[in-house]
Amino acid sequence: MKYSRLRGTQDIVPPQIDTWRAVESVFARTFDRFGYQWIRTPIIESTDLFVRAVGEQSDIVTKEMYTFSDRGGRSITLRPENTAPVIRAYLENGLHRRGGVQRLCYTGPMFRYDRPQAGRYRQFYQVGAEAIGSDHPAIDVEMIQLVVDAFVGLGFTAPHVRVNSVGTELSRAPYRERLLAAMETNADAIAPDSLRRYRLNPLRIFDAKDVDNSLKSELPVISDYLVGRDAEHFNAVCSLLRDAGVHFVHDERLVRGLDYYTNTVFEMYSGAPGGGGAQSALCGGGRYDSLVEECGGAPTAAIGFSAGLERIIAALPDARATAQIIDGAVEYCVLCVGDGAAAQSLRTAAQLRALGNTTCDLSGRSRKKQLAAAHKSGARFAVVVDAQSDTLEVHDFSRNEQFDVSADELPGSLMSRRETGDAPA
Ligand code: HAM
């Protein structure tokens with residue numbers, strides 16, 4: 001092999017691709033049921049957008065972006081996430097002028113120069129949604145319900161949501177002081193480089209892999225410092241979640257890796273809390289009530305989530321059953337045998353496509369090989385178009401039967417066989 005794929009990227013090939021299509025279709029169906037509209041934004045954006053929105057000190061911006069200069073000398077970044085691009089597009093296309101809550105959803109590849117490992121890629125796919133235009137706690141709950149609905153639709157029996165609030169500046173400023181003080185008391189236990197980073201963005205310490213859990217458990221948590229509207233908002237979200245029957249855990253140490261979050265944050269895991277299932281988040285999201293304004297719009301509250309498709313697919317309880325949602329299986333194979341059979345083969349295949357998924361074997365190989373391949377493919381019927389014959393030869397593999405039929409009679413005879421099932425009574 002002369003070329004191979006880059007580290008941290010994947011080819012998604014048949015038959016696994018059916019599982020991908022199925023998972024995407026479950027999300028698409030869920031988005032439709034919740035009244036979301038699709039949006040597509042470019043894969044490349046100005047680097048500034050992510051530096052501003054995701055945060056100058058965040059891991060994504062400092063270590064993980066694919067950034068390059070284009071031929072015009074502009075700094076361009078392959079999108080590491082899609083919330084900032086969606087907000088840019090929302091403002092640039094005047095969606096904010098429509099009023100009310102804009103509910104937008106998307107799917108597509110994201111790029112992060114991360115250390116590749118299980119569930120962590122350099123190109124990965126997200127599906128996600130953003131609801132822009134309301135700070136009502138009920139929107140937070142609706143967003144979490146949407147995620148739970150999609151996960152249940154994918155066969156996860158006990159998905160669990162971890163919820164927390166990271167507050168706004170109102171609560172965060174005094175809390176930051178306390179957290180910094182506690183960090184300084186334990187400074188010996190934190191590597192100097194990391195300490196420097198956490199001093200700039202103290203909340204990130206809860207997400208740190210190089211800080212002991214025992215130390216983290218001694219640090220003050222933001223929940224104890226939520227005041228005023230921040231506290232009211234979080235209490236309302238928790239109470240509405242309970243009322244809606246959503247199973248969730250209040251994880252006081254849950255913080256997120258992107259700096260735009262305010263108030264509610266959440267993540268979704270497949271197994272029971274503390275039990276089996278994926279250890280890394282299948283999905284993450286939260287409120288970002290200042291981002292629209294930071295991107296140049298009027299103050300506008302918003303909330304959203306994104307889910308990693310690779311992680312969801314790896315955690316699916318029954319990938320085969322999920323893949324069957326996609327009606328991709330071929331039912332009819334038309335075999336083109338001998339010179340001069342091409343036109344009729346194409347006509348026959350076109351006719352059969354009105355009944356179901358049909359392929360036409362145009363390999364030019366022998367009739368025997370074509371039949372063997374059709375049988376192996378799992379198709380129910382093979383229809384042999386032979387340049388030497390006036391009739392079509394049909395093989396019904398599920399009944400192990402073979403018969404001749406005219407071109408006119410073909411659709412009718414296949415339909416009646418389909419209706420009477422796989423095998424004779
Ligand atoms: P995030 O937590 O950075 O949030 O990513 C969301 C999900 O993308 C993760 O839970 C994970 O499933 C998947 N993911 C992230 N990085 C990787 C990777 N390197 N390889 C494979 N999967 C990965 C966001 O991106 C926010 N934009 C979510 C959001 C939307 N918040 C508000 N609206």
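What's counted below: heavy atoms across the whole structure, side chains too, no hydrogens, waters or symmetry copies. Read the numbers this way: they start at 1 and go in the same order the structure lists the ligands and their atoms.
From the protein, the heavy atom lying nearest to atom 22 (N) of ligand 1 is Phe124 CD1, 3.5 Å. Ranking protein heavy atoms by distance to atom 28 (C) of ligand 1, first place goes to Ser306 OG, 3.2 Å. Considering only non-hydrogen protein atoms, atom 30 (C) of ligand 1 sits nearest to Thr83 OG1, 3.0 Å. Protein heavy atom nearest atom 21 (C) of ligand 1, with residue, atom name and distance: Gly119 O, 3.3 Å.
Near Gly284, meaning under 4.0 Å from any of its heavy atoms, are these atoms of ligand 1: 10 (O), 28 (C), 29 (C). Remark: ligand 1 atoms within the under-4.0 Å shell around heavy atoms of Ala281 are 10 (O), 11 (C), 12 (O). For ligand 1 and Glu81, the ligand atoms under 4.0 Å from any heavy atom of the residue are 25 (O), 26 (C), 27 (N). When each atom of ligand 1 is checked for a heavy atom of Gln126 under 4.0 Å away, the hits are 5 (O), 6 (C), 7 (C), 8 (O), 24 (C), 25 (O). Of all the atoms in ligand 1, the ones that sit under 4.0 Å from a non-hydrogen atom of Tyr261 are 26 (C), 28 (C), 29 (C), 31 (N), 32 (C). Within ligand 1, counting atoms from 1 as listed, the ones closer than 4.0 Å to a heavy atom of Glu130 are 30 (C), 32 (C), 33 (N). Numbered from 1 in the order shown, with element, the atoms of ligand 1 that lie under 4.0 Å from a heavy atom of Phe305 read 29 (C), 30 (C), 32 (C), 33 (N).
Residue contact annotation: Gly285 has a non-hydrogen atom under 4.0 Å from ligand 1. Remark: distances from the non-hydrogen atoms of Tyr125 to ligand 1 are all 4.0 Å or more. Distances shorter than 4.0 angstrom occur between a heavy atom of Cys283 and an atom of ligand 1. Residue contacts with ligand 1 include Arg256, since one of its heavy atoms falls under 4.0 Å from the ligand.
Residue-level proximity to ligand 1 for Arg311 is carried by the side chain, the only part with a heavy atom below 4.0 angstrom. Residue-level proximity to ligand 1 for Tyr260 is carried by the side chain, the only part with a heavy atom below 4.0 angstrom. Within the 4.0 Å heavy-atom criterion, the part of Leu282 lying near ligand 1 is the backbone and not the side chain.
In the candidate list Glu267, Glu310, Arg112, Arg122, Arg112 is nearest to atom 15 (C) of ligand 1, counting heavy atoms.
With a 4.5 Å cut-off on side-chain heavy atoms, Arg204 and Gln57 do not count as touching. Residues Arg122 and Phe111 have side chains not in contact (no heavy-atom distance under 4.5 Å, counting atoms from C-beta outward).
Below 30°, between 30° and 60°, or above 60°: for Phe381 and Tyr332 the angle between ring planes is below 30°, a parallel geometry. Taking the six-membered ring where the residue is Trp, Tyr225 and Tyr175 present tilted rings, their angle falling between 30° and 60°.
Between the side chains of Thr264 and Asp140, at least one donor N or O lies within less than 3.5 Å of an accepting N or O. For the residue pair Thr77/Thr67, the side-chain donor-acceptor check at 3.5 Å is satisfied. Inspection of the Ser306 and Tyr106 side chains reveals an N or O donor paired with an N or O acceptor under 3.5 Å. Using modelled atom types and a 3.5 Å distance limit, the side chains of Gln102 and Tyr36 yield no donor-acceptor pair. Side-chain contact annotation: Arg256 with Tyr261, donor-acceptor N/O pair under 3.5 Å present. Using a 3.5 Å distance cut-off with no hydrogens or angles, the side chains of Tyr125 and Thr107 do not pair a donor with an acceptor. A donor-acceptor contact closer than 3.5 angstrom links the side chains of Glu130 and Tyr288. For the residue pair Ser46 / Asp48, no side-chain donor-acceptor distance below 3.5 Å is found, with atom types taken as modelled. Side-chain polar atoms of Glu267 and Tyr269 form a donor-acceptor pair below 3.5 angstrom.
The N/O atoms of Tyr121, backbone and side chain alike, include one that comes under 3.5 Å of an N/O atom in ligand 1. For ligand 1, the polar-atom distance check against Gly308 finds a nitrogen or oxygen pair separated by under 3.5 Å.
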